[in-house]
Amino acid sequence: MKWNMRMKILAVCVCCTLIALVMQTFLFQRASAKLISRQSKNESYHTLENMQNEIYTFIKNIESNMIEIYNNREFLSALKSGENVEDIRKKYYRLAYTIAAEEFQTSDGVVALYLYNSDNEIISTYRRAVTPRHNYPKDIYEDSELYNANVVTEYMASDDTSMLISSYYNVHRKRDIARFGLKIYDNTNLSDKVGYIICDIDSKVIEKIMKKYVTNDEMYIWLQPTGDRQAYAIGTLEEENRFYHDMISQYILLGDIEGTEDFSDNSRVFFRVSQDKYNLNACSIMPQSALEENQRVLSRNLVFIALSMGALMSVLYFYVTRSLTSPLERLMQTINKIRAGATELRADYQAKDEIGMLAMEFNNMLDEVEALIGQQYEDKLLLNKAEYKALQAQINPHFLYNTLDTMSSIASIQNCETVSNLCQSLSNIFRYSLDMKHPYVTVAKEIGHLKNYIYVMNVRMREEIKYIFEIGEDVLQDTVPRISIQPLVENALNHGLKNKHGEKYIRIKAEKKRGILRISVEDNGTGMDAEKMNARLHDNDVSVIEEGNSIGLLNINARLKMAYGAEYGIYIESLVGQGTTVVMRVPVIQEEIADGKENV
């Protein structure tokens, strides 16, 4: 392959860019590997600290609720007096239930609560549920080894005044249960222990807290009090790290906290964060490779950048070389783009030569064509507006003729207030219908016009039809074309309910959602062939309307599409014999916006 000058320039630029990026990647890896690893360790340690802080807040809340036992002075006095344990049990057998119900929230996850005297004799027990799956001991000492009660016995025998944190494995739930213990002292002598309270918590509550701080799929976190078993764990523990985890857990069980500091090496990292007040260690073990993931991601990103820069250099090369080619090629590109639809483009070559003159005449020709297209568009708008007003003017006569006939009949029979009201309603209808200066009105005004129409029709039809309005307050100031709802009701009267026997109703409903105003008129009449009618509405053949005498749904549909666009208009939902719902869809436009539209 013969290399021309352009290809040589491209090869030199791409090679220089790639070499620079490869060198930067190599130097960065050497200089920043330790820094990234140290930052990752610090981040993991701080994550564990934040988790401990949230767990501390939770434990503090549990302790506060347990301390409320001191408010029951009668119970404390009974423990202090050394009453017979059976008598105390009979008197306070529901005290554990009362404390669990009144002092703890459901979100605290209390599954069991026990009250003991100083001789480790159970006084009162609360268990949240007693089922084969949710089963908790009546007394933690009924199987001391199974329920890890020996830790509680040692705690009571010690001088430790802080709250006990422990756990046991519930074979029925097949999960660890967190345990909190608090000594009860004589108020008059704080060195005299008269009993203690044990609160067992569902570990799901603690699990919910811990899950928020698992930042890596390979991270394994567990909680373990010093001198006790592991309370709860979450995360993934790889088989190669299980031996080290077991050793660390054994050190903590034996109380040798300092012995856990030497378990980090080149293949794994161990973190431990203890709480100052409560005897609880938060531990984490994770592979060293997980901490180095950021470095690997960064290296991959640098490689990606190098490849992207090479591609970008290629693109820039072709762009620059093509920008230096002949003016005729640029003119041809502009012509192709204009042909593709970018009609606003013009030739930008301004040199005073033959091609420059050609570009100028080409631009002049485009300007003249665009002016002609604009004039044609304005002429079409005027024609559409004229067709719109012509369609709108078709709506009124038939209704007015029928109403005048009705008024004449009533006037010949009786001279009463009904005729006066009928005349007033008809006057309002005349005034509203003949106001052609404002083709758009608010829903509130359109509903007012509809109610005048309904009054007239109720007089004609002796109120045999029930009208139901479901108009939301939020749509009253939205606009619709004038006289667009009343013909829908008229259609329901003339076609839906005309041959209907029995109870008749029409429901008018207006609501808006996602920028669409939806107005529906529902009747319980004889129904119609909705599929056939919807096809006619979709075709929207204005010539059919002009040739006939249609003042109904086709007319309204044509007006809506002409006013708002083809995606709006009317559609019908109907089943023969079960009624019809005519739905009008228009965009949500406020009154002031519609006024501006009229003046355009």
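Heavy atoms only: backbone and side chains are in, while hydrogens, waters and symmetry mates are out.
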Within residues 441-453 or reaching into it, pairs that qualify as salt bridge (charged side-chain N to carboxylate O under 4.0 Å, His left out) - sequence neighbours excluded:
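Residue pairs passing salt bridge (charged side-chain N to carboxylate O under 4.0 Å, His left out), neighbours aside: Lys445-Glu591.
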Nearest non-hydrogen partners of [X] and [Y], listed with the distance:
X: Ile221; Y: Tyr213; result: CD1-O, 4.0 Å
X: Tyr92; Y: Phe75; result: OH-N, 3.5 Å
X: Met210; Y: Leu223; result: SD-CD1, 3.9 Å
X: Met66; Y: Phe180; result: CE-O, 3.6 Å
X: His495; Y: Thr526; result: O-OG1, 3.7 Å
X: Leu488; Y: Leu553; result: CD2-CD2, 3.6 Å

Tyr453 versus Val489: any side-chain heavy-atom pair under 4.5 Å?
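Heavy-atom side-chain distance check passes, below 4.5 Å.
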Is any side-chain heavy atom of Asp202 closer than 4.5 Å to a side-chain heavy atom of Arg128?
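Answer yes - side chains close enough.
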Is the count of non-hydrogen atoms from other residues, nucleotides or ligands lying under 6.0 Å from Tyr97 atom OH greater than 12?
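No, not enclosed.
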Qualifying residues under side chain to side chain donor-acceptor pair (under 3.5 Å), relative to [X], sequence neighbours excluded:
X: Ser484; result: none
X: His538; result: none
X: Arg94; result: none
X: Lys204; result: none

One thing to verify: whether Lys466 and Glu503 come together as a salt bridge, which I'm taking to mean a side-chain N less than 4.0 angstrom from a carboxylate O.
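Salt bridge absent between Glu503 and Lys466.
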Considering residues at least two apart in sequence or located in another chain, which fulfil the ring pair (Phe, Tyr, Trp, His ring centres under 6.0 Å) criterion with Tyr232?
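Tyr232: no ring pair (Phe, Tyr, Trp, His ring centres under 6.0 Å) contacts found.
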Would you list the atom pairs, donor with acceptor, under 3.5 Å between side chains in residues 567-583 and any protein atom, with sequence neighbours excluded?
{"residue": "Tyr571", "atom": "OH", "partner": "Arg518", "partner atom": "NH2", "Å": "3.4"}
{"residue": "Ser574", "atom": "OG", "partner": "Met528", "partner atom": "N", "Å": "2.9"}
{"residue": "Ser574", "atom": "OG", "partner": "Met528", "partner atom": "O", "Å": "3.4"}
{"residue": "Ser574", "atom": "OG", "partner": "Gly579", "partner atom": "O", "Å": "3.1"}
{"residue": "Ser574", "atom": "OG", "partner": "Thr580", "partner atom": "OG1", "Å": "2.9"}

Name all residues meeting the salt bridge (Lys or Arg N to Asp or Glu O under 4.0 Å) criterion together with [X]; count only those two or more places apart in sequence or in a different chain, and write none if there are none.
X: Arg585; value: none
X: Asp523; value: none
X: Glu522; value: Arg507
X: Arg127; value: none

Please report, to 0.1 Å, the donor-acceptor pairs under 3.5 Å made by any side chain of residues 106-115, with sequence neighbours excluded.
{"residue": "Asp108", "atom": "OD1", "partner": "Asn61", "partner atom": "ND2", "Å": "3.3"}
{"residue": "Asp108", "atom": "OD2", "partner": "Gln105", "partner atom": "N", "Å": "2.9"}
{"residue": "Tyr114", "atom": "OH", "partner": "Pro137", "partner atom": "O", "Å": "2.7"}

